[in-house]
Amino acid sequence: MYYNFKEIEKKWHRVWEKEKSFRAKAIPKKKKYYLLEMFPYPSGKIHMGHVRNYTIGDVSARFKTMQGYLVLHPMGFDAFGQPAENAAIKNKTKPDIWTRKCIKEMGNELKKMGFSYDWEREISTCDSSYYKWNQWIFLKMFKRGLAYKKASSVNWCPSCLTTLADEEVIEGGCWRCHKKVEEKDLEQWYLKITEYKEQLLEDLNQLKDWPERVLSMQTNWIGKSRGVEIYFKLKDDNTIIPVFTTRVDTIFGATYIVLAPEHTLVKEIIKGKPQEKEVLKFIDKVSKKSAVVRSSSDVKKEGIFTGSFAVNPVNNEEVPIWVADYVLMEYGSGAIMSVPTHDQRDFLFAKEHGLPMRIVIQAQGSKFKVPAEITEAYEGDGIQVNSAQFDGLTNQEAKVKIAEWMDGKGIGKIQTHWRLRDWLISRQRYWGTPIPIIYCPKCGIVPVAYEDLPVELPKDAPFTGEGGSPLGKVKEFVNTKCPECKGPARRETDTMATFFDSSWYFLRFCSPGFNEEPFDKKEVKYWMPVDQYIGGIEHAILHLLYSRFFTKFFKDLEMIDFKEPFTRLLTQGMVLKDGEVMSKSKGNIVDPDSMISQYGADALRLFVLFAAPPETELEWDSKGLEGAFKFLNRVWRIQENLKEKADTGLVRILHKTIKKVSEDFQSFKFNTAIASMMELTNAIYQYGADKQVFKSLIKMLAPITPHFSQELWQILGEKGSIFKAGWLEADPRMLIEERIIIVIQVNGKVRSKIEVSQDISEEKLKTLIMADKKLISWLKDKPIRNFILVPKKLVNIVV
RNA sequence: GCCGAAGUGGUGGAAUGGCAUACACGUCGGUCUCAAAAACCGAUGAGCGUAAGCUCGUAAGGGUUCAACUCCCUUCUUCGGCACCA
């Protein structure tokens, strides 16, 4: 009754494995296609998200293969990380053993899905043959000053008991466990990603085939803002107070300045002033507020006058100096100029404290107002007023002119501020790459020599989940000799953030066994960059930014000759059930494995592609999966009723389908490609197919349903792999319809349809229209004002 | 607040200036069957009408056009990112 998917799928898995069907070996001059999906964390079982991600990738890989490309389609495991430690504690085993078991299980599940991976290239980041090169890269960065240690206030997750990079803090919480992140002062290792900030921003322009969403997220994250640092002077002793602004066009309206409570100057300027005691009290009060409270925008801004004045360098006006909690020491210079008339925040603050205001930008076309009349700040564009020699310019012109003028006179400096911070990579964790650094009491921080790599992760470490770097408790690991003076020394006991591992794995895939350097330059030259990368949107900043950084670093080392690792990027949407993300805690998980045993991998693959376009969220629908399975059976049964020769009508539909499917596969519109194959199938049921038409259909289905198609291919008498049989070409002659249907509109509304020969003349068509009974009542007694003909499609008659 | 994406039947979705709702799910009806399942065939945006057909309809309002889901303007809603960022 149903086709025997169980046996068929098993059969072809064996064949593919035996014949090493997906082995990719570089052939110079042959056009290559490197297709990569983000490698998984080996949790043991695959989930629907994996199924979706890897199915999208696999269909593209198989399609490209059929089109004649030499396709590299590797798979591996992002195997270091905290869950292994937690699982090991829970299951009373070791992270190493647990992870390897998971990798094996997960590999089997991936194989069950029939993905066309070159398994001989499999890598796991927890193998010392891999992480050795993490250490090598780290040392290269260290020698260039790109890896450095500094004491700073860092993000600390109290539940994971480790530090986090800025990128790993999502809405103030840990990206992994969502616990609120705390601040802690620690000495940690950083990578100087900021060295590449210009390039990281600039080269986004090069990524034409990345989703706009990702580009905008990265742009926001890097956060470039241009402006001017203005040098206000203290009235009493000419001490300079630098103030950063992006709105230098409003400088003539600056009526006071505000310092952050932590600003070093505050204590000096209040000394001996009557306000001293009050201000100190205020600072103390602010310092007791948590960062979260202080940074929530709905809390009322509080501030206090210091008793001191500063001089505005553009007009030598004396302005009062205030201290307020809304000015942050971490951004800019920790001091701002305040323009109440053109900044809403300043406006509210000035109203509250009765501070002076002056309008300097006049909205075009509106009546000039005086400060007393305005009810809110005007933040838009307009014409400069009250701005000395700049009056009459548009504020956009003034922005440039004033900046240049100030820069030239030395009363300000054109400056750029960035949001991006260096990447903190130290983790107080066991299951990661040891940082290859030795601390010597005599020589200080000493890098491990290249020939001593890898610094192996000890197999036994007493990690308990109670915090503190577990490696610190392994004496044989910690105690070592200084590479320089040979005296006793200690090893660094933190490990690297796992995002380090995944920042270059796509390069390793090009030559996974290479043991002279992280990768073989020749192989990388052939395969890289990745032509198509596919993965989840959650990596829009994290992994994708870090990988871009590493690529630029390798370019500087002259190990590669390209600037960006991923030419095209597709971010697939999440799989939902009942409108929510599938998760263990919500208990709404659908296990791919049980779906495979019920309907087969092919039906599952077909369903996840058909249910939604790849980028959008996919609502799980078991009825839909059943429908996909029914469709495959419907196709399967065609073989029982093949005709000698198919009707021309059907052959035309076939060629239209070939055209549509080829275009859609190319642009990842799998849902509509499948829809048109369903239409072809419906037409076959109507007309009856011959062997040729049927073979074409199963060929088009092959990238999506590889086992199913390969089996039918064999049943139809073909030997060998359907994937080596080439792709289909639509015959342009078959795409021309002889009889076409012209839609007739009257005043833009469809009133009739006429079937005509495709090469009918306009005159003849007009005659036919005039004779159309359906149109008589619409056209009778009405002069035709316009006759619009869209060739081969439509006529619109305006009466 | 700024930036980005989106809003279409009962549901997933299709159409990027030219027939709105392809394809599928669901529902209803039919064929086959003792019956059911499966399979096959058909109907299925709303309203009015016996019917032919007519009117309305793509978040709301306006505009451009012979013609707008599609382009422009305003507004609303949802999702995502950034944010007391000066």
Side-chain angles (χ1 to χ4, degrees), chain A residues 1-2 170-171 211-223 225 227-228 230 243-248 250 254 257-258 260 294-301 324-328 330-339 343-346 348-349 379 417-419 537-538 540-541 576 606-607 610-613 615-628 630-631 633-634 637 669 671-682 685-686 741-753 774 777 785-799:
Chain A
M1 186 132 38
Y2 295 122
I170 311 291
E171 285 175 1
E212 229 168 302
R213 183 147 75 122
V214 176
L215 295 175
S216 108
M217 279 164 82
Q218 291 217 357
T219 306
N220 274 345
W221 187 260
I222 297 168
S225 72
V228 177
I230 300 171
V243 156
F244 180 73
T245 181
T246 54
R247 288 295 305 273
V248 74
T250 65
I257 69 173
V258 189
R294 236 185 107 179
S295 65
S296 72
S297 49
D298 24 271
V299 169
K300 199 164 151 204
K301 290 132 186 59
D325 58 355
Y326 72 95
V327 176
L328 307 173
E330 308 86 72
Y331 188 81
S333 57
I336 62 161
M337 67 175 200
S338 204
V339 186
D343 182 293
Q344 185 61 16
R345 220 173 6 169
D346 294 345
L348 293 173
F349 191 82
E379 296 181 343
H417 275 272
W418 301 83
R419 203 190 153 281
I537 186 72
E538 65 273 19
I541 296 172
L576 310 180
L606 180 68
F607 168 71
F610 181 58
E615 301 88 348
T616 54
E617 290 176 338
L618 186 153
E619 176 66 35
W620 179 260
D621 176 11
S622 53
K623 284 282 185 189
L625 174 57
E626 212 177 298
K630 281 182 185 173
F631 169 70
N633 282 291
R634 196 167 146 85
R637 283 190 305 267
K669 291 184 194 163
N671 55 333
T672 49
I674 293 165
S676 73
M677 289 189 263
M678 285 173 169
E679 281 178 80
L680 175 61
T681 304
N682 292 343
Y685 269 75
Q686 211 182 329
I741 290 168
I742 303 271
V743 173
I744 316 294
Q745 297 183 333
V746 178
N747 290 343
K749 291 206 164 125
V750 180
R751 296 301 178 191
S752 183
K753 290 172 191 185
K774 282 185 188 163
S777 64
R785 275 204 272 172
N786 208 347
F787 184 91
I788 290 137
L789 173 73
V790 183
K792 293 177 191 180
K793 263 191 188 158
L794 170 144
V795 168
N796 190 11
I797 303 162
V798 188
V799 296

Q. When you measure from the side chain of Ile788(A), which nucleotide among A22(B), C25(B), C66(B) comes out closest?
A. C66(B)
(Q) Roughly how many Å apart are U74(B) and C23(B), using the P atom of each and rounding to a whole number? (A) 38 Å
**Q.** C1'-based separation of U65(B) from G80(B) [nearest Å]
**A.** 35 Å
Q.
For a quick check, tell me whether the side chain of Lys793(A) and the base of C19(B) share a donor-acceptor pair closer than 3.5 Å.
A. no
Q) Do the side chain of Asn220(A) and the base of C82(B) come within less than 3.5 angstrom through a donor-acceptor pair of N or O atoms? A) no
(Q) Quick check on G9(B): syn or anti? Syn means the glycosidic torsion is within 90 degrees of zero. (A) syn
Q. Checking all strands, does Asn671(A) fall into the base, sugar-phosphate, or nothing category for heavy-atom contacts under 4.0 angstrom?
A. sugar-phosphate
Q) When you match Ile741(A) and Lys749(A) each to their closest nucleotide on RNA chain B, which lands nearer the 5' end? A) Ile741(A)
Q) So, do Phe610(A) and Met677(A) sit near enough that their side-chain heavy atoms are less than 4.5 Å apart? A) no
Q | Spacing of the P atoms in A14(B) and U33(B) (rounded, Å) | A | 41 Å
(Q) Salt bridge or not between Arg345(A) and Asp343(A)? Use side-chain N to carboxylate O under 4.0 Å. (A) yes
**Q.** Distance, C1' atom - from G63(B) to U70(B), rounded to whole angstrom
**A.** 15 Å
Q. Once the angle between the rings of Tyr331(A) and His417(A) is folded into 0 to 90°, is it parallel (under 30°), tilted (30 to 60°) or perpendicular (over 60°)?
A. tilted
Q.
With heavy-atom distances below 4.5 Å as the criterion, would you say the side chains of Tyr326(A) and Asp346(A) are in contact?
A. yes
Q.
Check this one for me: any side-chain N or O of Arg213(A) less than 4.0 Å away from OP1 or OP2 of A6(B)?
A. no
Q: Using the C1' atom as the reference point in each nucleotide, state the distance between G30(B) and U78(B) in Å, no decimals.
A: 43 Å
(Q) Return whichever of Leu794(A) or Trp221(A) has its heavy-atom-nearest nucleotide of RNA chain B closer to the 5' end. (A) Leu794(A)
Q) Within the structure shown, what part of the strands sits under 4.0 Å from Pro613(A) by heavy-atom distance: base, sugar-phosphate, or nothing? A) sugar-phosphate
Q. If we take the C1' atom in both U16(B) and A36(B), what is their distance in whole Å?
A. 48 Å
Q: Would you mind classifying the nucleic acid contact of Asn682(A) as base, sugar-phosphate or nothing, using non-hydrogen atoms under 4.0 angstrom?
A: sugar-phosphate
Q) Just checking Val743(A): base, sugar-phosphate only, or nothing, at a heavy-atom cut-off of under 4.0 Å? A) base
(Q) In whole Å, measure the gap between the P atoms of G18(B) and U11(B) for me. (A) 26 Å
Q. On a whole-Å scale, what distance lies between the P atoms belonging to C54(B) and A59(B)?
A. 25 Å
Q: Write down the partner of A86(B) under the Watson-Crick or G-U wobble criteria, each distance required to be under 3.5 Å.
A: none
